[in-house]
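All values below come from the heavy atoms of this structure, side chains included, with hydrogens, waters and symmetry mates left out. All ligand and atom numbering here is 1-based and tracks the order in the structure. What you see is a predicted model; the values in this text were computed from it and never measured.
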Amino acid sequence: MGLDLRADPIELTAALVDIPSESRNEKRIADEIEAALRSQAPGFEVIRNGDAVLARTNLGRGSRVLLAGHIDTVPVADNLPSRYEGGELWGCGTSDMKSGDAVFLHLAATIAEPSHDITLVMYDCEEIESSANGLGRIERDLPDWLAADVAILGEPSGGYIEAGCQGTIRVVIRAAGTRAHSARSWLGDNAIHKLGAVLDRLSAYQPRNVDIDGCVYREGLSAVRIDGGIAGNVIPDAASVTVNFRFAPDRSVEAAVAHVREVFDGLDVTIELTDAAAGALPGLAKPAAAALVAAAGGQVRAKYGWTDVSRFAALGIPAVNYGPGDPNLAHKVDERVEVAAITATTDMLRRYLT
Ligand SMILES: [Zn+2]
């Protein structure tokens, strides 16, 4: 027998976990999800794209909520099939993120009259290189399927709404000098010594904490690498320090670069930008997102790392992570999820969607 979407989402989580679906091997689970949606979610238009399954209602509601979950997992670590122990369900994918998938699939099959139109995106290959990511392929092949007023990704978030993400840039700060024999050091100009002033500025730097839509972002400016030196008897003529700036999404990449230049202003160094990724604003002030925050009782926090939330933010769609799993247990051999959290997440989203 196939998946029973109307079963308790705890049991549905176990059923999904017991279909192994390491990245690039999602065909079987996608087949089962597609068949179950076609037979058990009558109000939904269902399509298949590679090993992703998409479904949506077309009820003409004033707003559309997109529920997205990846159906792949990291490689199994001798932790299947799933088992219950101490109020928790154990096994590969329980937390990241088949419990989130189960909540979404269950809601799609059991909410008869949603107050928003619903789009369901169950996609492949999230756990590997981003060029393979199923959501990226859907964005290229089926962009109209990603239209929504708010997107909820069921990634493990410990019951919090996690929104936005910080940006990141890396710069290489180089000092130049003059080579000389260290026995006659006065003939040289030591490039390593010039980095002392750079490190002083880093030590004295006071990072901002920025509150945006109730999410507090913590910035950080850190040396992550240092290079210099030629030999034990040579005054070095070159030295560099690589600095990583993690910045709140109220700054653009350009503004972040300008800020870093300002921090090191007046020093005898050059600054080269080597790497940059923009952040994403949480966008929780928009109505469909604000209603979600209210339904969650205001349990909101900032997301620091880059996730697929940023893909939606780049499309101008407010997006959050909200799933029953614990992010600290993702990808671990002892991966597990509290079954009570699956129930709580289902209840909260049902209130929001009805
Ligand atoms: Zn995940």
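Tyr84 is linked by a ring-ring contact (aromatic ring centres under 6.0 Å, His included) to nothing, counting only residues two or more places apart in sequence or in another chain.
No hydrogens or angles considered: a donor-acceptor pair under 3.5 Å links the side chains of Ser82 and Asp18.
The Zn ion (ligand 1) is closest to atom NE2 of His70 (considering only N, O or S atoms). The atom of Asp96 that is an N, O or S and sits closest to the Zn ion (ligand 1) is OD1. Taking the Zn ion (ligand 1) as reference, Glu155 places its N/O/S atom OE1 nearest.
Side-chain contact between Val210 and Phe247 is absent, with no heavy atoms from C-beta onward closer than 4.5 Å.
Applying side-chain hydrogen bond (donor to acceptor under 3.5 Å, both in side chains) to Glu45 and the options Thr119, Thr57, Asn58 leaves one that passes, Asn58.
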